[in-house]
Amino acid sequence: MSTINTTPTRSREPAIRVQGIEKSFKDVHVLRGVDFDVKAGSIFALLGSNGAGKTTLVRILSTLLKADAGTATVNGLDVAAKSADVRDSISLTGQFAAVDEVLTGRENLVLIAKLRHLKNPGGIADELLARFSLTEAGGRKAATYSGGMRRRLDIAMSLIGNPPIIFLDEPTTGLDPQARIEVWQTIKQLANNGTTVLLTTQYLDEAEQLADRIAILHKGTIIQNGTLDELKRLLPAAKVEYVEKQPTLEEVFLTLVGETGETGETGETGETGETGETGETGEAGDKELKEAS
Ligand SMILES: Nc1ncnc2c1ncn2[C@@H]1O[C@H](COP(=O)(O)OP(=O)(O)OP(=O)(O)O)[C@@H](O)[C@H]1O
Ligand SMILES: [Mg+2]
């Protein structure tokens with residue numbers, strides 16, 4: 001007996017396969033033939049500007065919306081023909097938090113566990129509260145949570161039942177840097193435990209931090225798809241005098257998308273000079289000199 005063929009075919013299949021997906025809303029042709037694969041257990045980032053069609057694609061893959069053309073499989077299951085089975089394999093954390101504000105954090109989790117017919121909903125809720133550093137806040141109404149706490153609760157809710165594939169639509173939009181880092185750690189943990197993550201983002205650093213592969217959705221198609229290193233290699237390393245500079249993913253993205261105007265806010269990094277540490281040490285040095293003389 002050969003051992004080569006004993007691995008089930010499914011485990012070698014991509015967790016998500018998107019082929020020729022098209023979608024229009026009236027005369028707006030949003031998706032014009034989208035193709036990509038997502039390897040099982042990896043983090044895949046879909047990058048695109050506002051209105052590029054990221055949420056539309058996530059809604060198609062999570063069976064909330066029907067494509068006009070093309071096919072997509074999730075966990076080996078066709079999203080159109082096997083939508084109920086697909087829903088059992090996935091969770092979706094939408095762009096806008098799905099938390100019920102009237103309930104406490106713990107009650108939100110218990111509710112989902114009950115809806116999923118799981119045993120010991122209270123135990124599941126407590127385990128997730130602990131994992132997402134929400135144990136203390138668990139008894140408070142979600143309406144009193146900060147944006148980061150609400151987002152963490154939202155992701156915790158979507159993990160109930162351990163779906164093998166999760167969709168996160170802009171998981172950190174509106175969060176402060178600390179809360180973003182916490183959510184990033186959560187997402188990394190998920191992938192380390194074998195969950196496949198497809199996330200959409202407009203934050204290029206988020207894709208750089210998290211993603212095994214990055215695809216850029218622009219004008220209805222995927223215009224680039226690769227690892228961070230592959231995308232960076234698309235642009236020659238710029239030379240500034242004697243220092244070789246690597247292009248950032250942001251530069252790669254803006255060059256590929258061909259627009260520079262609207263997203264230029266990130267260029268204003270001159271404020272970092274405020275720390276003034278060199279000035280302070282200079283003063284200390286002066287004092288020492290004066291004292292010495
Ligand atoms: N139900 C709908 N009816 C009509 N137009 C829609 C509908 N849903 C999306 N659109 C349009 O499709 C385009 C893509 O929208 P989508 O929400 O997928 O973009 P997005 O990439 O998620 O943007 P954002 O970064 O702002 O979330 C937009 O022009 C939007 O107005
Ligand atoms: Mg969106």
Side-chain angles (χ1 to χ4, degrees), residues 16-36 38 43-72 74 79-80 83 86-87 90-99 147-148 150-151 154-155 157-158 165-176 179-180 183-184 187 196-211 213-225 231 249-250 252-266:
I16 301 168
R17 167 157 280 181
V18 179
Q19 290 178 311
I21 288 287
E22 294 187 35
K23 182 72 191 176
S24 297
F25 296 104
K26 296 201 175 131
D27 50 357
V28 186
H29 202 173
V30 178
L31 302 176
R32 297 164 176 261
V34 174
D35 303 281
F36 61 82
V38 180
I43 302 180
F44 186 90
L46 193 60
L47 276 181
S49 316
N50 286 134
K54 303 179 297 294
T55 298
T56 302
L57 189 61
V58 165
R59 293 185 69 212
I60 290 170
L61 296 178
S62 54
T63 78
L64 297 175
L65 192 67
K66 284 222 178 314
D68 299 335
T71 57
V74 170
V79 292
S83 52
V86 169
R87 283 198 286 273
I90 62 163
S91 81
L92 166 65
T93 303
Q95 190 166 0
F96 304 100
V99 169
R150 202 173 298 204
R151 206 65 185 151
D154 204 9
I155 295 175
M157 283 161 64
S158 73
I165 297 167
I166 82 164
F167 296 103
L168 300 169
D169 195 3
E170 301 202 15
T172 65
T173 296
L175 299 187
D176 69 33
R180 290 179 77 205
V183 171
W184 287 351
I187 296 170
T196 307
V197 179
L198 185 152
L199 64 91
T200 76
T201 186
Q202 299 173 41
Y203 297 126
L204 308 172
D205 59 336
E206 183 155 299
E208 288 203 70
Q209 281 286 329
L210 290 178
R213 284 189 86 79
I214 298 159
I216 300 176
L217 179 63
H218 185 61
K219 297 196 171 157
T221 62
I222 301 292
I223 56 168
Q224 282 299 336
N225 176 351
L231 293 183
L249 180 59
E250 180 164 350
V252 175
F253 174 82
L254 291 174
T255 302
L256 290 169
V257 168
E259 288 157 0
T260 49
E262 290 175 10
T263 46
E265 289 165 16
T266 48

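Remember, it's 1-based here, ligands and their atoms both numbered in the order they're listed. Note that the coordinates shown come from a computational prediction; the quantities given were computed from them, not determined experimentally.
- Residues Thr93 and Arg151 have side chains in contact (heavy-atom distance under 4.5 Å, counting atoms from C-beta outward).
- Residue contacts with ligand 1 leave out Gly48, since none of its heavy atoms falls under 4.0 Å from the ligand.
- Within the 4.0 Å cut-off (strictly below), a protein heavy atom is located near atom 6 (C) of ligand 1.
- Counting heavy atoms under 4.0 Å from ligand 1, residue Gln202 touches it through the side chain alone.
- Closest to atom 9 (C) of ligand 1 among all protein heavy atoms lies Phe25 CE1, 3.4 Å.
- Contacts between Thr55 and ligand 1 below 4.0 angstrom, taking non-hydrogen atoms only, involve backbone and side chain alike.
- Here the side chain of Lys219 pairs no donor or acceptor atom with the backbone of Val257 at under 3.5 angstrom.
- Pairs engaging residues 57-69 under the salt bridge (charged side-chain N to carboxylate O under 4.0 Å, His left out) rule: Lys23-Asp68 [sequence neighbours left out].
- Nearest protein neighbour of atom 25 (O) of ligand 1, counting heavy atoms only, is Lys54 NZ, 2.7 Å.
- Side-chain contact between Leu217 and Phe36: absent, with no pair of heavy atoms (C-beta onward) separated by less than 4.5 Å.
- The tally of protein N/O/S atoms under 2.8 Å from the Mg ion (ligand 2) stands at 2.
- In this structure, CD1 in Ile165 is found 13.0 Å from CG in Leu92, a value given to the nearest 0.5 Å.
- Taking the side chain as every heavy atom from C-beta outward, Ser49 and Phe253 approach each other to under 4.5 Å.
- Of all protein heavy atoms, the one lying nearest to atom 16 (P) of ligand 1 is Thr56 OG1, 3.6 Å.
- Looking at atom 14 (C) of ligand 1, its nearest protein heavy atom turns out to be Gly51 O, 3.3 Å.
- The protein does not reach atom 31 (O) of ligand 1 closely, with no heavy atom under 4.0 angstrom from it.
- Remark: minimum distance from atom 27 (O) of ligand 1 to any protein heavy atom is reached at Gln95 NE2, 2.9 Å.
- Asn50 ND2, 2.9 Å is the protein heavy atom nearest to atom 26 (O) of ligand 1.
- Remark: ligand 1 atoms within the under-4.0 Å shell around heavy atoms of Glu170 are 24 (P), 25 (O), 27 (O).
- One N or O on the side chain of Thr200 and one on the backbone of Glu170 form a donor-acceptor pair closer than 3.5 Å.
- Arg213 has its side chain out of reach of Val38: every pair of non-hydrogen atoms, C-beta onward, lies at least 4.5 Å apart.
- For atom 12 (O) of ligand 1, the nearest protein heavy atom (residue, atom name, distance) is Val30 CG2, 3.2 Å.
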